[in-house]
Trainee: 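This structure is in structure tokens; I'll ask about it shortly.
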Amino acid sequence: MDNKIEENKIKEIENALIEVRKAQRLLYSYQERMLDIAKLVMTKLKFGQNLVGNRIQFSEFRNTTASKRGNIHVEGVWAWDFFYGYAFEYYMHSRRVSIEGAKYRLFASLVQITDSGHYDRLDELTGSARFEDIKHIDKYNSAENSTTDLILVLELAKDGHESSYWNINEEENRREKKEQILAFYSSKSSDKNSIADCFDKSTVVQSGQLVMKKYSASEFHSNEAIDEILNDALGDCKEIILT
């Protein structure tokens with residue numbers, strides 16, 4: 001290879017790596033803010049336990065390739081497996097609430113979707129293509145036309161029964177969560193869904209009820225703004241949920 005061409009190639013790679021280092025530091029600051037938001041929301045919703053993290057869809061390798069000694073078997077993992085924050089759940093556990101004298105269990109999560117680029121294309125994809133497409137970022141919606149979202153998830157269940165979807169402990173529930181997020185974006189229900197409109201006591205009594213509402217992450221810019229978001233999300237249910 002010509003020395004000049006090789007020098008130019010090395011310089012090009014070095015410049016790209018500068019951008020990689022900048023991106024890593026930016027992601028640190030971003031993820032630090034996401035953690036602060038999740039903790040604030042948990043406190044405001046009166047969930048007292050520590051947050052538990054759950055990789056919704058893009059990062060699974062700890063479950064599938066980690067040995068008992070803690071080593072990671074890199075063979076076969078995806079690049080996305082190193083970026084938990086693309087789609088991540090902050091699970092707030094559950095607590096009891098009372099509705100007209102009856103006891104229910106309230107489950108809560110905040111789901112972080114850092115880039116909606118893959119989800120925005122779900123209407124074009126079916127079956128396994130929905131998961132295969134994750135690896136092909138050139139097929140994602142453009143960054144400029146995608147969004148960074150936080151989805152508030154609440155589920156009411158009759159006390160004494162475990163959550164249908166939002167119990168973090170079982171692998172089957174993790175798969176259900178993936179499907180819920182996929183369906184949520186695919187149906188565009190986030191444009192019209194509201195927690196206050198969706199909770200229905202008769203449905204809760206029979207089988208529990210899961211409701212979700214999406215906000216742009218930029219709306220969570222201050223403590224006061226988060227209060228406004230929760231007021232909007234909870235609506236007429238606020239008194240029940242926060243007592």
Side-chain angles (χ1 to χ4, degrees), residues 30-31 33-57 84-97 99 104-116 119-120 146-157 163-168 173-174 176-200 203-204 208-243:
Y30 161 75
Q31 194 58 56
R33 177 57 183 159
M34 290 298 105
L35 284 168
D36 288 343
I37 290 172
K39 290 172 184 176
L40 267 173
V41 170
M42 181 180 69
T43 298
K44 291 176 182 295
L45 290 178
K46 298 187 177 181
F47 285 87
Q49 299 186 59
N50 292 330
L51 284 170
V52 175
N54 182 33
R55 300 166 296 284
I56 292 291
Q57 180 173 349
Y84 290 176
Y86 192 101
F88 194 84
E89 173 198 7
Y90 303 94
Y91 178 67
M92 302 177 195
H93 300 274
S94 67
R95 61 179 176 80
R96 289 183 175 87
V97 296
I99 302 176
Y104 297 88
R105 185 161 289 278
L106 176 68
F107 297 80
S109 287
L110 191 68
V111 176
Q112 170 186 325
I113 304 294
T114 296
D115 175 7
S116 68
Y119 296 99
D120 292 338
S146 301
T147 57
T148 299
D149 306 316
L150 287 169
I151 304 170
L152 182 63
V153 182
L154 295 177
E155 182 170 12
L156 273 175
S163 166
S164 301
Y165 297 111
W166 236 250
N167 179 355
I168 198 171
N173 293 119
R174 291 193 181 98
E176 292 284 2
K177 290 180 184 183
K178 293 177 186 179
E179 290 300 320
Q180 286 287 331
I181 298 296
L182 288 169
F184 186 63
Y185 270 89
S186 182
S187 68
K188 308 300 181 186
S189 62
S190 56
D191 296 332
K192 59 191 176 185
N193 196 12
S194 73
I195 289 171
D197 292 340
C198 286
F199 272 144
D200 177 86
T203 304
V204 171
Q209 191 165 13
L210 174 72
V211 293
M212 308 164 74
K213 190 166 184 182
K214 182 185 76 173
Y215 294 89
S216 169
S218 63
E219 296 181 61
F220 292 75
H221 55 79
S222 67
N223 187 62
E224 293 75 18
I226 293 174
D227 285 336
E228 292 180 8
I229 287 169
L230 293 180
N231 284 335
D232 172 71
L234 301 181
D236 293 336
C237 296
K238 180 180 178 182
E239 184 175 342
I240 293 172
I241 292 171
L242 296 185
T243 54

Trainee: Do we see a donor-acceptor contact under 3.5 Å between the side chains of Q112 and Q31?
Mentor: yes
Trainee: Taking the side chain as every heavy atom from C-beta outward, state whether M92 and L110 have any atom pair closer than 4.5 Å.
Mentor: yes
Trainee: If only atom types and distance count, is the side chain of R95 paired as donor or acceptor with the main-chain N or O of K46 below 3.5 Å?
Mentor: yes
Trainee: If you compare all heavy atoms of I113 against all heavy atoms of A87, which two are closest, and at what distance to 0.1 Å?
Mentor: CD1-CB, 4.0 Å
Trainee: Rounded to the nearest 0.5 Å, what's the gap from CZ on F220 to CG on D36? Could you check?
Mentor: 13.5 Å
Trainee: Compute the ring centroids of Y90 and F88, then answer whether they are less than 6.0 Å apart.
Mentor: yes
Trainee: Please assess K213 against V153 for the test side-chain contact (heavy atoms from CB on, under 4.5 Å), listing each intermediate value before the final yes or no.
Mentor: CA-CA 7 Å; K213 190 166 184 182; V153 182; over 6 Å; no
Trainee: Distance from I229 atom CD1 to S216 atom OG, nearest 0.5 Å?
Mentor: 8.5 Å
Trainee: Between R105 and R96, what is the shortest heavy-atom contact and its length?
Mentor: NH2-CZ, 3.1 Å
Trainee: Consider only side-chain N and O atoms of T114 and T148, and report whether a donor and an acceptor are under 3.5 Å apart.
Mentor: no
Trainee: Could you tell me which non-hydrogen atom of A217 sits nearest to which non-hydrogen atom of M34, and how far apart they are?
Mentor: CB-CE, 4.4 Å
Trainee: Atom CG in N231, atom CD1 in I226: separation rounded to 0.5 Å?
Mentor: 12.0 Å
Trainee: Where is the tightest heavy-atom contact between Y86 and D115, given as atom of each residue plus distance?
Mentor: OH-O, 2.9 Å
Trainee: OG of S222 to CD of E228: how many Å apart, nearest 0.5 Å?
Mentor: 7.5 Å
Trainee: For the pair L51 and K39, evaluate side-chain contact (heavy atoms from CB on, under 4.5 Å) and give the outcome as yes or no after the intermediate values.
Mentor: CA-CA 7 Å; L51 284 170; K39 290 172 184 176; 3.8 Å; yes
Trainee: How close do D149 and S116 get, heavy atom to heavy atom, and via which atoms?
Mentor: OD2-CB, 4.0 Å
Trainee: Give a yes or no answer on whether the side chain of Y215 reaches the backbone of I151 with a donor-acceptor pair at less than 3.5 Å.
Mentor: no
Trainee: Work out which heavy atom in F107 is nearest to a heavy atom in F47; give both atom names and the distance.
Mentor: C-CZ, 4.5 Å
Trainee: Does the side-chain contact (heavy atoms from CB on, under 4.5 Å) test come out yes or no for N223 and K44, once each step is laid out?
Mentor: CA-CA 10 Å; N223 187 62; K44 291 176 182 295; 3.0 Å; yes
Trainee: Step by step, would you call H93 with V52 a side-chain contact (heavy atoms from CB on, under 4.5 Å)?
Mentor: CA-CA 8 Å; H93 300 274; V52 175; 3.3 Å; yes
Trainee: Checking side chain to side chain contact (heavy atoms under 4.5 Å, CB included) against L152, which of D232, L45, V111 comes through?
Mentor: L45
